[in-house]
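Order of appearance sets the numbers: ligands from 1, and atoms from 1 within every ligand. Because the structure is predicted, anything quoted here is derived from the model rather than measured.
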Amino acid sequence: MKILQISAECYPAAKSGGLGDVVGSLPKYLNQAGTDTSVIIPKYGLKWIKSKKWKVVHKGVIKLHQEYTPFTIELLQKEELGFPLYVANIPERFDRTGIYADQGGHYFQDGVERWLSFQLAVLDWLINDKDAIPDVLHCHDHHTGLIPFFMQNVEAYKSLAKIPTVYTIHNGQYHGAYSWEKLYLLPHFPEAKRGLLDWSNSINPLATGVKTAWRVTTVSEGYMEELRHQSVGLEPLFGHERFKCKGIINGIDNQVWDPATDPRITFHLKGKGISKYKTENKKEIAKQFNIDVKKPLFTFIGRLVYEKGADMIPDLVKRVQQNGLDANFFVLGTGEPYLHDMFRKMSKEMFNFFDTSLEYNETLAHQLYAGSDFLLMPSRVEPCGLNQMYSCRYGTIPVVRAVGGLKDTIPDLIEKPASGRGFRFYDFDLDEAFMAVYNAIELYKNKKELTAVRTRIMNTDFSWENSVKLYKEMYGELVEASEVGK
Ligand code: GLC
């Protein structure tokens with residue numbers, strides 16, 4: 001079974017968040033389970049991509065209104081990722097040092113043209129290269145949401161109309177919507193089909209993907225449910241399309257995330273020596289930052305944005321300090337400038353209580369998973385969340401708001417002492433979050449219980465195997481259905 005995954009991100013070539021991790025690992029595990037899966041992303045001007053050798057497999061031209069842009073499709077020469085990786089090389093739109101924004105954090109202003117070009121380049125390749133045609137085409141997030149619509153409704157792509165499509169939503173907050181004034185950029189399609197592109201008087205790629213793909217998935221069952229009640233205006237659509245929608249929880253790449261072998265951490269886990277492994281890695285963090293190794297370390301890793309609840313952290317840290325509790329906090333990430341200012345100020349004022357590194361740093365992230373005691377995830381929205389799973393694997397106990405995938409993966413230690421994996425709170429509320437942190441600090445004092453919980457979460461199976469079975473089953477059903485239609 002031949003599958004093509006189309007995405008804006010794929011680790012290690014291009015990653016800004018969880019989408020990159022998933023598209024960089026799911027294909028590898030699908031292939032280990034016997035499929036023939038490849039991935040295509042745009043060719044960004046990023047370090048990893050620049051350092052590799054690429055072989056041109058297709059040359060074409062994309063037309064956006066009157067503008068003709070030549071492009072190539074290129075294949076990574078050395079197959080080192082566990083799947084073939086293709087890139088669409090459209091230099092005018094993607095040869096830049098960021099995925100969505102420049103290094104100063106300014107978003108690129110030509111998003112509409114960028115994602116249209118990428119989608120049209122992929123389709124042009126597929127109609128011209130019979131060997132590239134997959135049995136199932138799997139699109140991810142709004143950047144690729146128009147592909148199923150184009151396949152079904154644009155004359156030039158009609159040869160692809162019978163290929164089953166899957167559309168996966170990793171983030172329902174971003175729709176990629178734009179004004180109908182941009183319609184002239186799209187390839188011609190029958191007037192009667194306009195409704196498939198429309199949501200609230202805009203062209204809405206996320207909504208279009210949901211309407212036109214054969215199947216829609218999102219990255220946890222909990223989040224699938226939430227989308228019907230809270231998806232920035234798309235609630236009725238998810239209700240209407242519910243029969244083709246399914247939640248499939250993400251897995252993590254246990255080969256990349258392995259505390260016994262991870263080259264990014266200093267002290268590896270050896271046998272049963274969990275406490276020593278945690279303490280030694282925490283000391284490493286204390287060498288670089290102002291934290292006190294004797295106190296429990298709570299860490300936040302991720303984008304400093306509203307969705308992730310990063311704005312609650314300053315108040316939470318202050319509340320813990322005011323209550324005279326023994327703890328340290330650390331924040332790693334980038335995002336809202338006002339939060340950068342606040343965290344910088346706090347790290348000066350709260351010596352040995354709060355420190356921060358305001359950057360995207362994959363290596364430091366691994367070290368923090370290994371050396372922290374607790375991971376904070378006060379998310380407002382969390383479709384799946386991978387950090388809580390990385391955290392468990394490295395013996396760091398999650399403190400989470402019970403939403404989306406966090407609700408599905410982290411049962412509460414107070415409610416279920418024998419099977420819990422972390423501390424949960426329900427409302428986005430400072431008092432509730434504080435109670436969860438308080439309970440975590442209490443657990444930290446009981447070394448025996450702490451080790452028991454660490455051992456349990458480290459042994460939890462968050463691997464891709466189970467979810468890969470569900471994806472394979474779904475692909476299989478679609479291929480069967482497409483053959484009936486032939
Ligand atoms: C997005 C979501 C995150 C999810 C990831 C991978 O980044 O915000 O919750 O884990 O996609 O699906």
Under 3.5 Å, side-chain donor or acceptor atoms of residues 256-263 against the rest of the protein: list the pairs with distances, not counting sequence neighbours.
residue	atom	partner	partner atom	Å
D258	OD1	A260	N	2.9
D258	OD2	T261	OG1	3.4
D262	OD1	R264	N	2.8
D262	OD2	H366	ND1	2.6
D262	OD2	Y394	OH	2.7

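- Salt bridge annotation for R96-D102: absent, with no cationic side-chain nitrogen under 4.0 angstrom from a carboxylate oxygen.
- Using modelled atom types and a 3.5 Å distance limit, the side chains of T217 and T168 yield a donor-acceptor pair.
- With sequence neighbours left out, E362 forms a salt bridge (charged side-chain N to carboxylate O under 4.0 Å, His left out) with K15.
- Outside the 6.0 Å centre-distance limit, the rings of F462 and Y390 are not counted as a close aromatic pair.
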Side-chain donor-acceptor pairs under 3.5 Å in residues 328-338, sequence neighbours left out?
residue	atom	partner	partner atom	Å
N328	OD1	D292	N	3.1
N328	ND2	D292	O	2.7
N328	ND2	K295	O	3.4

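- Protein residues are said to neighbour a ligand when one of their heavy atoms lies under 4.0 Å from it; for ligand 1 these are G18, L19, V22, H170, V219, N250, K308, E382, P383, C384, G385, L386.
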